[in-house]
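Throughout, a chain's letter reflects where its sequence line sits, starting with A, and its residues are numbered from 1. None of the values given here were measured: they were computed from a predicted structure.
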Amino acid sequence: MLDAKLIRANAALVEQRLEKRNLTGVLKPFLLLDEERRKILVQVEERKNFRNNSSQHIGKMKKQGLNPSDLMEEVRQAGQQIKVLDEELARVEKEIEKILLNIPNLPHESVPLGEDEKSNQEVRRWGEPRQFDFEPKAHWDIGPELDILDFERAAKLSGARFTVYKGAGARLERAIINFFLDIHCGQHGYREILPPFMVVADCMVGTGQLPKFAEDMFKLEGKDMYLIPTAEVPLTNLYREEILEIKDLPLYLTAYTPCFRAEAGSHGRDTRGVIRQHQFNKVELVKLCEPQNSYEELEKLTQDAERVLQLLGLPYRVVVLSTGDMGFSSAKTYDIEVWMPGYQDYREISSCSNCEDFQARRANIRYRPDPKAKLQYVHTLNGSGVAIGRTVAAILENYQQADGSVVIPEVLRPYMGGLEKINRPEA
RNA sequence: GGAGAGAUGGCCGAGAUGGCUGAAGGCGCUCGCCUGCUAAGCGAGUAGACGGCUAAUAACUGUCUCGAGGGUUCGAAUCCCUCUCUCUCCGCCA
């Protein structure tokens, strides 16, 4: 959520920055309602002031044995007026909130301008795509051939966009989760959290999924609760409505969770393999920090995510998303894209964002910079560290051998009971 | 699921019979004083949101907030209703 005061004071500037996200004219309705709100507020506060003073006066008169019935009648009428004005005010405020909750974050000035992902800019590359002396297969062929991924039975259980992991595949998924958590907690200073996978609607508003993106999520029937689309939601909302101590900042949090996404509007995209699923596993990184450090923290967070790919020996590149491709809550986002031989292309495996105070304002997460200072919103950051299913896919494709087997990256072998290679089952 | 108790400021905790309580007292914290150091002591200060007036994020000032929402009343932290959460006991259960 943007700061209403900022919009009011710098409407033209804010409008300009929103235009970079290809939005125009979104501020006008806000400004009109905002003015109306203050007009009503002044009136109703005057009436309340009268009521407060008069009520005290009535008390005193009664004590002195005087008859306050005239004044009581006047206050009663004031009460009627207050009721009407309050209702009007509530209506206007609700509309204002609706508008504000649907305006995305302002892009940081370093973000490239553009309409879509074509304007994203590559920042750096790591690793060389392997040269194959045979035609590399896609993971949706490798997995079933090794009998470790089963898309057909998954469809029987749950329909499209689900995967069953079997045997070494299931263990590989679990190994990666543990490996990522161990690296981030043991070497990058994050604290492991195991949060609920269902959260109340307030959390979804806090991180920006609601009210605008309701159709992207799974909602529980008859409850005001949702399956989390990412651990960013419970991790960031851990501190919703709280005032943090400066000595606790920055907070580095990580969690493994499954993620649930309706994938509405992506029909026909990535229908094969594990790339786009209704349920997938992810290790997420979240930071809460002081505003002046958030961009430095974004760089570090992105590097933390890159590091696990380096350890796995998976080539990748980092791109900075253009203003047209960024998420709703983000001010700046780096995507990490891993090399996928089956696609002969880089595919997103992590997205690292600085949301500045956008989520903190929605979720009301504040801190006091020093004992005398006013409360301030923290900055929130999040990034995948990284997506597990896509990591499995990348390993299968990058480590596949001519005989159809897949070599396990060395760092994962301790997590796989020493297994070095997944072989095809005997025919 | 059944029975009962509770929800007050950063924390703990007062707040019969509704009015001068935005909230006593304590702790914590900040600043100052004092003490040769430490400990103790003394004094002052210490919620937030949204407005008005302003050049001002200064001063002054108004409104709202005692779990949330609604009601009664001239007036509610205090009375009534609904909901949420916490605790205790019972039941059920991985």
Say you pick atom [atom1] in [N] and the same atom in [M]; how far apart are they, in whole Å?
N: B/U46; M: B/C60; atom1: P; value: 11 Å
N: B/A76; M: B/C20; atom1: P; value: 11 Å
N: B/G22; M: B/C64; atom1: C1'; value: 11 Å
N: B/C79; M: B/U54; atom1: C1'; value: 43 Å
N: B/G41; M: B/U35; atom1: C1'; value: 9 Å
N: B/A40; M: B/G36; atom1: C1'; value: 15 Å
N: B/C89; M: B/A94; atom1: C1'; value: 22 Å
N: B/G67; M: B/C87; atom1: C1'; value: 15 Å

When all nucleic acid strands are considered with a 4.0 Å heavy-atom cut-off, which category describes [X]: base, sugar-phosphate, or nothing?
X: A/I243; answer: nothing
X: A/I58; answer: base
X: A/R8; answer: sugar-phosphate
X: A/K62; answer: base
X: A/R366; answer: sugar-phosphate

Length of the [atom1]-[atom2] vector between [X] and [N], whole Å:
X: A/D86; N: B/C64; atom1: CG; atom2: P; result: 9 Å
X: A/K5; N: B/U57; atom1: NZ; atom2: P; result: 8 Å
X: A/E241; N: B/A68; atom1: CD; atom2: C1'; result: 12 Å
X: A/E93; N: B/A49; atom1: CD; atom2: C1'; result: 11 Å
X: A/I365; N: B/G48; atom1: CD1; atom2: C1'; result: 17 Å
X: A/E35; N: B/G51; atom1: CD; atom2: P; result: 13 Å
X: A/L71; N: B/G19; atom1: CG; atom2: C1'; result: 14 Å
X: A/D224; N: B/C83; atom1: CG; atom2: P; result: 17 Å

May I ask you to evaluate whether [X] reaches the phosphate of [N], defined as a side-chain N or O under 4.0 Å from OP1 or OP2?
X: A/N49; N: B/G62; answer: no
X: A/R76; N: B/U73; answer: no
X: A/R38; N: B/G52; answer: yes
X: A/N52; N: B/U63; answer: yes

Between [Y] and [X], do the side chains contain a donor N or O and an acceptor N or O under 3.5 Å apart?
X: A/N281; Y: A/E173; answer: yes
X: A/Q303; Y: A/E299; answer: no
X: A/T163; Y: A/Q277; answer: yes

For this session: Show your working on side chain to side chain contact (heavy atoms under 4.5 Å, CB included) between A/F218 and A/H278 and close with a plain yes or no.
Result: CA-CA 9 Å; A/F218 289 108; A/H278 286 310; 3.9 Å; yes
Go through [options] for me and flag the one nearest to the [X] side chain.
X: A/V42; options: B/A47, B/G19, B/G51; value: B/G51
X: A/K83; options: B/G75, B/G51, B/G71; value: B/G71
X: A/K48; options: B/C64, B/G51, B/G48; value: B/C64
X: A/R368; options: B/C50, B/A47, B/G19; value: B/A47
X: A/M72; options: B/U63, B/G48, B/C74; value: B/C74
X: A/V75; options: B/G52, B/G62, B/C74; value: B/C74

Lys/Arg-Asp/Glu bridge criterion (N-O < 4.0 Å) met for [X], [Y]:
X: A/R76; Y: A/E73; answer: yes
X: A/R276; Y: A/E263; answer: yes
X: A/D86; Y: A/K48; answer: yes

Problem set entry | Ring centre gap for A/Y256 and A/F180 strictly below 6.0 Å |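 Between A/Y256 and A/F180, the centre distance exceeds or equals 6.0 Å.
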Report the base-pairing partner of [N] (Watson-Crick or G-U wobble, both distances below 3.5 angstrom), or none.
N: B/G25; value: B/C12
N: B/U17; value: none
N: B/A58; value: none
N: B/G48; value: B/C64
N: B/C42; value: B/G32
N: B/G4; value: B/C87
N: B/G69; value: B/C81
N: B/A94; value: none

Exercise. Which sits closer to the 5' end of RNA chain B, A/K63 or A/A4, going by the nucleotide each is nearest to?
Worked result: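 This one resolves to A/K63.
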Exercise. Starting at the 5' end of RNA chain B and moving along, which residue's nearest nucleotide shows up first, A/V44 or A/S55?
Worked result: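 Going by which nucleotide is closer to the 5' end, it is A/S55.
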For this session: Could you tell me whether B/A16 is syn or anti, where syn means a glycosidic angle within 90 degrees of zero?
Result: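 What B/A16 shows is a syn base, its glycosidic angle lying within 90° of 0.
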Exercise. Does the side chain of A/P144 come within less than 4.5 Å of A/E152's, by heavy atoms?
Worked result: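 The answer is no; the side chains never approach within 4.5 Å.
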